[in-house]
Chemist: 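The structure's right below; bear with me while I get my questions together.
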Amino acid sequence: MQFLRRFAPLARQRLWQGALTLAAVIIFNFVLVHLAPGSPVDVLAGEAGTSDPARAAALIKEFGLDKSLPSQFLDYVSNLGRLNLGYSYRDSQPVLDLILTRLPATLLLMTCAIVLSLAAGILIGVTAAWRVNTPIDQASSFLATLCYATPMFWSGLMLITIFSVKLGWLPSDGMRTVTFDEQNAFALVLDVARHLVLPTTSLALFYIAIYSRIMRASMLEVSRLDFIRAARARGLSSTAVYYRHALRNALLPVTTMAGVQIASMLGGSVIVETTYGWPGLGRLSFEAVTRRDYNLMMAILLISAVIVIVVNLLMDVLYCLIDPRIKHGTEEGR
Amino acid sequence: MKRRDFIKFSTVAGVNIAATQWSDIALAQDAEEPRRGGTLLMAIFPEPTTLFSGASVINQVTLFGTKINESLIALDFDFSMKPMLAREWDIAPNGLTWRFRLRDGVKWHDGRVFTSADVAFTMMEIWKKLHPRGIQSFRNITAVEAPDPGTVVFRLAAPIPFLRTELSAFDATIFPKHLYEGTDILNNPYNIKPIGTGPFKFREWVRGSHLIAERNPDYWDKPKPYLDRIVFRIIPDPAGRAAALESQQLLIAGPNPVPLIDINRLAALPHLEVGNRGSEYFSPMIYLQHNLKHPILGKVEVRRALAHAIDQNFVVRNILFGRGSPASGVVSTYQKEAYTSEVARYPFDLKKAEALLDAAGLRRGADGVRFAVTLDPNTAFEQYVRIAEYLRENFNTIGVKVTLRTEDSAAWVRRVYTNYDYDMSIFGTVLLADPTVGMQRFFYSGAISKGTPFVNSSFYSNKRVDELFDLCRTEVDTKRRARYWHEIQRIIQDDLPVIAIVNQEYTNVINKRVRGITVSPHSLFENFAGVWLSGI
């Protein structure tokens with residue numbers, strides 16, 4: 001109850017800002033998407049390598065591209081007002097259906113990658129700080145730099161080459177094996193898990209590097225503060241001080257970073273999903289761009305914006321939970 | 001006999017090595033007894049957006065559609081007609097009446113009987129109205145009669161010399177009248193769960209992941225089909241496809257499934273076969289097109305000079321990695337009835353190119369540059385960009401400064417075919433079995449149409465060429481028609497609105513366990529009734 005009272009003003013402020021941001025995103029999306037040269041009709045004809053003037057004209061009319069841009073925008077906004085994200089003429093499906101079939105795959109991949117990168121990053125960072133300036137610390141620094149510098153598509157291809165092509169341990173693409181026998185729930189979970197290993201690792205490597213570095217620096221900084229000395233002085237064991245006092249306080253920067261990165265992971269998943277043929281939203285958005293599927297592109301951008309806004313809100317809640325001193329928009333001095 | 005013809009012909013096309021390997025395999029396969037059962041894992045990329053091939057000529061749509069829906073006739077390797085849903089036919093000597101007797105006992109996947117009414121409906125309501133090529137190809141078919149359920153008659157206003165190749169599965173699969181009549185055909189629900197007469201039935205489409213076609217147990221051509229099902233796996237990344245082929249998670253992929261730089265590495269693997277046999281229908285070529293409205297490129301001497309500055313053999317060797325041959329003109333060597341090699345040649349000779357440019361009054365300036373142009377490759381396939389890069393270097397050495405612009409395919413289409421905002425453009429195209437259907441659009445002055453991609457956007461206009469194209473459209477005498485085609489090639493090769501760089505190959509990568517693939521010039525765009533897996 002006390003928490004709610006503390007949090008309510010912040011929530012109100014954030015929701016209001018979120019609404020403004022969304023309005024800006026809607027306008028910006030529409031302009032940006034229509035600025036790209038070429039239309040869906042050009043793409044269709046380009047893929048076919050042939051076309052007929054009458055067919056092209058009919059398609060332009062069917063897609064609603066014969067109307068002026070302002071009137072297309074008004075149509076779009078009034079559809080949004082009715083919570084209608086529009087229709088993908090390319091895929092002959094409502095945009096929302098398309099996105100909903102793809103969203104779970106991306107959420108699963110992102111969740112696994114975030115959990116893995118946070119767990120591994122924090123563990124490595126804490127260990128490195130614990131054993132600072134030892135070979136363990138140096139090795140973790142080296143690995144972090146390596147992971148940070150490796151482009152995602154390349155590490156993806158290398159993982160495929162090693163674990164899929166050469167060793168044959170893990171599948172190289174897709175989300176599950178296409179089978180025709182009845183599959184029990186356990187086998188299905190196991191199958192999806194096997195498919196998850198490589199894409200999750202590719203996506204997580206980069207973030208493991210970042211989190212471990214941040215965690216290390218933050219641990220070193222916190223362990224020099226007065227309250228740690230005070231805790232030691234009270235005679236607590238060094239393990240207790242390290243994990244109960246230092247770790248909890250050192251987590252704050254990583255939480256901030258994770259919040260920012262959940263948003264950017266949507267972008268990173270485009271590459272990983274393409275490399276591994278993962279049927280998620282990242283790939284769908286890439287295809288929407290190259291196919292100039294306006295409605296789909298705008299819907300994905302809009303939903304991504306909503307996700308970012310919601311995640312930021314959740315992060316604020318999390319701050320309040322981790323650090324009870326944080327109040328509505330202000331942070332009282334330590 | 002036919003196979004030997006093919007080898008002879010493909011040697012001409014410069015693909016003798018691949019062809020010989022293929023025929024050896026084909027011969028070995030003939031000796032084996034087909035096995036029933038198994039799942040064929042096949043790549044499809046990018047993901048199709050519809051499964052209705054009646055209004056789309058996009059490769060992926062046809063790749064899936066041809067397993068489900070069938071055509072009246074099939075083609076042999078020499079493009080002669082073979083029975084399919086029509087078991088026999090009778091063509092009037094003047095070419096104006098085509099009568100087909102249909103096969104008995106053919107059923108749609110939903111159990112309804114297939115009749116001549118389905119053929120008539122598909123021709124008049126789908127192909128003639130909605131099919132991007134059919135609208136043009138079948139224009140002279142004015143009426144279709146169905147005197148009884150087993151007979152269908154096409155009435156033509158003028159002969160269509162290419163009707164037989166256009167009636168094959170690549171462009172003309174038949175759809176069920178009872179599900180399409182009276183509906184909004186383009187938004188019919190069966191467009192994404194098609195019903196056909198083919199050896200495989202649509203089972204499921206999991207977006208972003210796969211499509212499944214399963215065995216039709218009531219297929220008319222028993223004991224076919226041999227496979228239990230075909231799984232079309234959607235693998236968007238070329239490197240991912242190469243890895244899946246290598247690790248046998250994929251048994252067949254094409255056309256051109258992996259970057260050409262990978263193709264010879266895959267071909268060397270013991271379990272894989274890379275080949276082009278069975279792709280004779282498509283006649284892929286790569287063109288360098290000039291915008292004739294450009295003040296300098298508009299001069300024919302300049303275009304001839306540029307032609308001398310292109311080493312076609314270099315392109316074949318180093319960019320196509322041997323998967324192609326130098327082009328002598330704008331007709332593909334695969335289009336046997338039309339092709340001639342007796343045209344003007346522009347051998348690779350940089351000195352001659354420079355001399356021609358000097359003679360045209362385009363001398364090098366103080367900075368060594370004669371003039372500057374832009375070059376826009378279609379980025380849909382990597383090799384077009386590589387060729388553009390090669391040309392930039394070569395043209396630079398003769399004093400022609402080239403600026404390369406690489407945009408995505410949609411932007412390129414808009415630039416070259418709607419805005420006409422380009423100097424030179426590089427792209428690949430399929431000329432198909434007949435030049436009227438596949439090649440005329442680039443050179444016929446009537447085909448200049450703002451906003452229509454892959455037509456005449458060089459603004460080439462030559463009265464005699466137009467006249468010859470008109471004659472070819474209706475001429476049924478093969479020899480006379482060939483003479484017209486030869487003249488067209490000679491004129492275009494003199495005028496050079498387009499420099500044909502290479503004949504490309506449609507390469508397929510196939511696991512050696514997969515048998516019975518190559519049964520027609522349609523390659524993977526066949527119905528796969530006779531495909532089977534050995535060593536299951």
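All values below come from the heavy atoms of this structure, side chains included, with hydrogens, waters and symmetry mates left out. Labels below follow one simple rule: chain letters A, B, ... track the order of the sequence lines, proteins then strands, and each chain is numbered from 1.
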Chemist: Of all heavy-atom pairs between A/S172 and B/Q249, which one has the smallest distance, and what is that distance?
Modeler: N-OE1, 3.3 Å

Chemist: Identify the residues of residues 292-302 of chain A whose heavy atoms come closer than 4.5 Å to a heavy atom of chain B, ordered by number, or report 'none'.
Modeler: A/R292

Chemist: Out of B/E407, B/R415, B/E47, B/Q248, which one racks up the most heavy-atom pairs below 4.5 Å with chain A?
Modeler: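 Heavy-atom pairs under 4.5 Å are most numerous for B/E47.
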
Chemist: Within a 6.0 Å radius of atom OH on B/Y190, are there more than 12 heavy atoms belonging to other residues, nucleotides or ligands?
Modeler: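 It does not: B/Y190 OH has 12 such atoms or fewer within range.
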
Chemist: Below 4.5 Å from any heavy atom of chain A, which atoms of B/A447 appear? Answer side chain, backbone, both or neither.
Modeler: neither

Chemist: As an exercise, state the distance from CZ of A/R102 to OG of B/S209, rounded to the nearest 0.5 Å.
Modeler: 9.0 Å

Chemist: In terms of heavy-atom pairs under 4.5 Å, which option from B/R207, B/H210, B/E246 contacts chain A the most?
Modeler: B/R207

Chemist: Testing the basics here: between B/D237 and A/T274, what is the closest heavy-atom pair and its distance to 0.1 Å?
Modeler: CB-O, 3.2 Å

Chemist: Mark yes when over 12 heavy atoms from residues, nucleotides or ligands other than B/I261 sit less than 6.0 Å from its CD1; otherwise mark no.
Modeler: no

Chemist: A/P40 versus chain B, heavy atoms under 4.5 Å apart: side chain, backbone, both or neither?
Modeler: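 A/P40 has no heavy atom closer than 4.5 Å to chain B.
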
Chemist: Using heavy-atom distances under 4.5 Å, tell me whether B/A243 contacts chain A through its side chain, its backbone, both, or neither.
Modeler: both

Chemist: Check whether A/T161 gets within reach of chain B through its side chain, its backbone, both or neither, counting any heavy atom under 4.5 Å.
Modeler: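 Neither part.
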
Chemist: Under a 4.5 Å heavy-atom cut-off, does chain A meet the side chain of B/S409, its backbone, both or neither?
Modeler: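 When you check distances to chain A, no heavy atom of B/S409 falls under 4.5 Å.
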
Chemist: Is it true that, when you exclude A/K166 itself, more than 12 heavy atoms of the residues, nucleotides or ligands shown sit nearer than 6.0 Å to its NZ?
Modeler: no

Chemist: List in chain and number order the residues that pass side-chain hydrogen bond (donor to acceptor under 3.5 Å, both in side chains) with B/Q504, two or more places apart in sequence or in another chain; answer none if no residue qualifies.
Modeler: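 Here no residue qualifies.
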
Chemist: Side chain, backbone, both or neither: which part of B/L186 has a non-hydrogen atom closer than 4.5 Å to chain A?
Modeler: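 Answer is side chain: those atoms of B/L186 sit under 4.5 Å from chain A.
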
Chemist: Taking atom OH of B/Y420 as the centre, does the number of heavy atoms from other residues, nucleotides or ligands within less than 6.0 Å exceed 12?
Modeler: yes

Chemist: Report the distance from atom CD1 of B/I234 to atom CD of A/E287, rounding to the nearest 0.5 Å.
Modeler: 8.5 Å

Chemist: Which heavy atom of B/G208 sits nearest to which heavy atom of A/P279, and what is that distance?
Modeler: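 Reported closest heavy-atom pair: O-CB, 3.4 Å.
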
Chemist: Which residue out of A/G174, A/G280, A/G168, A/P171 racks up the most heavy-atom pairs below 4.5 Å with chain B?
Modeler: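 So the answer, after comparing A/G174, A/G280, A/G168, A/P171, is A/P171.
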
Chemist: Shorter than 4.5 Å, heavy atoms on both sides: which option in B/T50, B/T418, B/I192, B/L130 has the most such pairs with chain A?
Modeler: B/L130

Chemist: Using every non-hydrogen atom in the two residues, find where B/A411 and A/P37 come nearest and quote the distance to one decimal.
Modeler: CB-CG, 3.5 Å

Chemist: Please classify the contact of A/L98 with chain B as side chain, backbone, both or neither, using a heavy-atom distance under 4.5 Å.
Modeler: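 Side chain only.
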
Chemist: Write down the atom of A/D173, the atom of B/A244, and the distance for their closest heavy-atom approach.
Modeler: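 Shortest heavy-atom separation between A/D173 and B/A244 comes out as OD1-CB, 4.0 Å.
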
